[in-house]
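This report concerns only the one structure given below.
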Amino acid sequence: YYIIPSFAIGMGFLLNIMGNITESKQYLFAGYWFILSGIFIIVCPFSEPIYAIILTIGTGFTGFGIISFFKSSKQIQE
């Protein structure tokens, strides 16, 4: 059961490193989301692992995509 939060926390650190190197908000948002949600899953475990996957990976990458979409559409308008 700890593979999902461990993966999320590891991805969070990697995305934060990439976000600091590229100075991109979407990487930092996704990185912090993965770290915080991974810690939350460890502290308050769910009964079903699918809910942990949805909370950590699903919403993290969805937020990453939404921020990337609005950032790219803003760059096109300029």
Side-chain angles (χ1 to χ4, degrees):
Y1 182 77
Y2 290 112
I3 191 80
I4 297 166
S6 300
F7 175 76
I9 292 170
M11 278 294 293
F13 284 124
L14 288 175
L15 288 172
N16 278 336
I17 291 170
M18 289 175 56
N20 286 327
I21 291 172
T22 61
E23 297 179 359
S24 298
K25 292 180 183 176
Q26 61 264 30
Y27 287 106
L28 292 174
F29 169 79
Y32 286 125
W33 177 264
F34 283 141
I35 291 171
L36 293 175
S37 62
I39 292 171
F40 178 75
I41 296 297
I42 291 174
V43 173
C44 303
F46 292 107
S47 60
E48 295 291 329
I50 191 70
Y51 297 134
I53 294 172
I54 291 169
L55 178 69
T56 57
I57 299 168
T59 55
F61 281 128
T62 302
F64 178 83
I66 290 170
I67 293 172
S68 298
F69 174 75
F70 285 119
K71 186 175 180 182
S72 65
S73 65
K74 185 178 179 182
Q75 290 176 349
I76 291 172
Q77 291 175 356
E78 293 175 355

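In this text the structure is predicted, and so the values were computed from the model without any measurement.
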Residues pairing under side chain to side chain donor-acceptor pair (under 3.5 Å) where one sits in residues 25-45, two or more places apart or in two chains, turn out to be Trp33-Thr59
If you group Ile, Leu, Val, Met, Phe, Trp and Tyr whenever their side-chain heavy atoms sit less than 4.5 Å apart, what else falls in with Ile35?
-> Tyr2, Ile9, Phe13, Ile39, Ile42, Val43
Which residues share a side chain to side chain donor-acceptor pair (under 3.5 Å) with Thr22, sequence neighbours left out | Ser24
Just jot down the side-chain contact (heavy atoms from CB on, under 4.5 Å) partners of Pro45, sequence neighbours excluded, or say none.
-> Tyr1
Interatomic distance, Phe29 atom CZ to Phe34 atom CZ [nearest 0.5 angstrom] | 9.5 Å
Transitively linked via ILVMFWY side-chain contacts under 4.5 Å: Met11 with Ile54?
-> yes
Sorted by chain and residue number, the side-chain contact (heavy atoms from CB on, under 4.5 Å) partners of Glu48 (sequence neighbours excluded) come out as Ile50, Tyr51
Smallest heavy-atom separation, Gly60 atom then Ala30 atom, equals O-CB, 4.1 Å
Result block: side-chain N/O donor-acceptor pairs under 3.5 angstrom for residues 14-21, not counting sequence neighbours:
| unit_1 | atom_1 | unit_2 | atom_2 | d |
| --- | --- | --- | --- | --- |
| Asn16 | ND2 | Gly12 | O | 3.4 |
| Asn20 | ND2 | Asn16 | O | 3.2 |

State which residue, out of Pro5, Ser6, Pro49, fulfils the side chain to side chain contact (heavy atoms under 4.5 Å, CB included) condition with Ile41.
-> Pro5
If you group Ile, Leu, Val, Met, Phe, Trp and Tyr by side-chain heavy-atom gaps below 4.5 Å, do Phe7 and Phe40 land in one group?
-> yes
